[in-house]
2 protein chains.
Amino acid sequence: MPAVRLSPTSYVVLGMISLRGPSTPYDLKRAVGHSVGYFWHFPHAQLYSEPERLTAAGLLTCETETEGRRRKTYSITAAGTEALESWIAEPSDSHFQMRDPAELKLFFNEVGSPEDVTRLAKGQIERHEERIALYEGMVARFGPEPTDNPRLITLELGLEVEYATLRFWRALAAGDLAGLRRRRGEPA
Amino acid sequence: MPAVRLSPTSYVVLGMISLRGPSTPYDLKRAVGHSVGYFWHFPHAQLYSEPERLTAAGLLTCETETEGRRRKTYSITAAGTEALESWIAEPSDSHFQMRDPAELKLFFNEVGSPEDVTRLAKGQIERHEERIALYEGMVARFGPEPTDNPRLITLELGLEVEYATLRFWRALAAGDLAGLRRRRGEPA
DNA sequence: GCCGTACCGTCCGAGGAGGACGATTGCGGC
DNA sequence: GCCGCAATCGTCCTCCTCGGACGGTACGGC
């Protein structure tokens, strides 16, 4: 049972199995796809390899189907639950990372033309409007009151951020960043 | 001159050299540290390996110091500039990623205790307040008017996002997510 | 039964992360 | 000048992440 370094990915796997009960990698893939996946993307292949690592570390157990499709069902162990809980309890260390290609393009916009910036902004506005519609739909379906479903709380954070970036790109397209600053100063 | 896949990291290197002129990896490290680095982190080692790749692809040229400290100075080529410009001009494909460990913890908070959430929120509030102070300081120093310095425009986006997340964690700590939703609906 | 299609699992090569370590330089003390 | 120390700068190594390619499995239509 070698000690392994646990990454955020590890905790997503542990957390998902903890919330859902015993799961196969494919179960995880789908579950992640319409929840955590929206704000923390990772490729499906890791949902196959990561549980293996965690099993080796004693945080999961694995049961292999013998008949038909080879399939592995992972369950969380006491050690796994403990690891997850202590991660949740420990103070959060690092700041978030944005990783927005559009923001990069904007940063280097001096190189390009002003029309590039306008086009970029237009595209981003659409993109964020779509995302907001998606999130609002989820809220409407699963619980209009934020406290209805604890797992939906993070959606509120997602929405808050989406609206913020939308405001930014709209202000940029309208050439009114000063207005954006002014409105930020107002009481909320 | 083999064709290489260009990642966002590649464009950061190209963009930085394009803005600053010929640079050594260490120059880039420092330049990135107090600009792009705030919203797109990457380890310093890549600022040594990535220019090599780009040189192999013909997008940069490299001049090696012979005396004293081995040191390489990279300059952008015409092909490099072209690659950068066409990247800026092309429509932005993918949505941004948040990658916020705190958001993950919140998502899995059912596993933990309510005090964990409160503690998490308190920590995040501090963290984002610090970040906002840092950004506001930069704005005050380098250009109170958003349009003063084109490279500072992204700072406005950073601030907008920081304020949004700060509002969220404050609302969460105050147990008033409903209020957050209500205020989002108001005209801006 | 045969075939097409959606579903599911594994592999692999390239790139990213970030710490460890080694080399170089400048500076203060003598 | 010479030494030693600390800051600066460059490279390497190992593990992890990425994401597409590929191949196997189940199921419905005919």
Side-chain angles (χ1 to χ4, degrees), chain A residues 2-14 22-34 36-37 39-57 59 62-74 93-99 101 104, chain B residues 2-14 22-34 36-37 39-57 59 62-74 93-99 101 104:
Chain A
V4 286
R5 219 177 59 80
L6 296 182
S7 65
T9 304
S10 315
Y11 292 111
V12 170
V13 171
L14 284 177
S23 315
T24 70
Y26 192 70
D27 292 337
L28 293 177
K29 173 179 148 48
R30 276 181 312 169
V32 161
H34 53 73
V36 212
F39 58 91
W40 196 300
H41 163 85
F42 48 99
H44 68 284
Q46 277 189 238
L47 294 174
Y48 291 87
S49 60
E50 189 63 26
E52 262 174 45
R53 257 168 45 83
L54 296 175
T55 303
L59 306 180
C62 173
E63 225 172 314
T64 309
E65 204 96 347
T66 51
E67 320 254 312
R69 183 186 288 269
R70 67 223 127 112
R71 190 197 311 272
K72 290 170 185 166
T73 305
Y74 293 93
D93 31 338
S94 57
H95 202 75
F96 68 73
Q97 284 182 45
M98 264 296 277
R99 306 243 139 187
L104 276 188
Chain B
V4 287
R5 221 178 58 81
L6 295 182
S7 65
T9 303
S10 315
Y11 292 111
V12 170
V13 171
L14 284 177
S23 315
T24 70
Y26 193 71
D27 291 337
L28 293 177
K29 173 179 149 45
R30 275 181 313 169
V32 161
H34 53 74
V36 213
F39 60 89
W40 196 300
H41 164 84
F42 48 99
H44 68 284
Q46 278 190 236
L47 294 174
Y48 291 87
S49 59
E50 190 61 27
E52 262 175 45
R53 258 168 45 83
L54 296 174
T55 302
L59 306 180
C62 172
E63 225 172 315
T64 309
E65 203 96 348
T66 51
E67 321 255 312
R69 186 184 287 266
R70 62 223 129 115
R71 189 197 312 273
K72 291 170 183 165
T73 305
Y74 293 93
D93 31 334
S94 57
H95 202 76
F96 68 71
Q97 286 182 43
M98 268 294 277
R99 305 244 141 184
L104 276 187

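Quick note on labels: first sequence line is chain A, next is B, and so on, each numbered from 1.
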- Is a donor-acceptor pair below 3.5 Å formed from side chain B/H44 to base D/dT11, judging by atom type as modelled? yes

- Under 4.0 angstrom between A/T9 side-chain N/O and D/dC16 OP1 or OP2: no

- Task: Return the 5'-most residue of the pair A/F42, B/T24 with respect to DNA chain D, ranking by each residue's nearest nucleotide.
- Result: B/T24

Would you mind reading off the distance between [X] atom [atom1] and [N] atom [atom2], rounded to a whole angstrom?
| X | N | atom1 | atom2 | value |
| --- | --- | --- | --- | --- |
| A/R70 | C/dC7 | CZ | P | 17 Å |
| A/L6 | D/dT17 | CG | P | 10 Å |
| A/K29 | D/dG19 | NZ | C1' | 12 Å |
| B/R5 | D/dA21 | CZ | P | 12 Å |
| A/R71 | D/dT25 | CZ | P | 12 Å |

- Task: Could you check if a side-chain atom of A/K72 sits within less than 4.5 angstrom of a side-chain atom of A/E52, using non-hydrogen atoms only?
- Result: yes

- Message: What I'd like to find out is whether the side chain of B/W40 reaches to under 4.5 Å of the side chain of A/Q97, using heavy atoms alone.
- Response: no

- Task: Ignoring the backbone of B/R99, work out which of D/dC18, D/dT11, C/dA17 is nearest its side chain.
- Result: D/dC18

Taking all non-hydrogen atoms of both residues into account, name the closest pair between [X] and [Y] and its distance.
| X | Y | result |
| --- | --- | --- |
| B/Y74 | B/Y48 | OH-O, 4.4 Å |
| A/S10 | A/R5 | OG-O, 4.4 Å |
| B/L47 | B/L28 | CD1-C, 4.1 Å |

- Message: Just verifying a value: how many Å separate A/L6 CG and A/E50 CD, rounded to the nearest 0.5 Å?
- Response: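 Reported to 0.5 Å precision, the distance equals 8.0 Å.
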
- Query: Of the residues in residues 45-54 of chain B, which ones touch DNA chain D at a heavy-atom distance under 4.0 Å?
  - Reply: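 By residue number: B/A45, B/Y48.
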
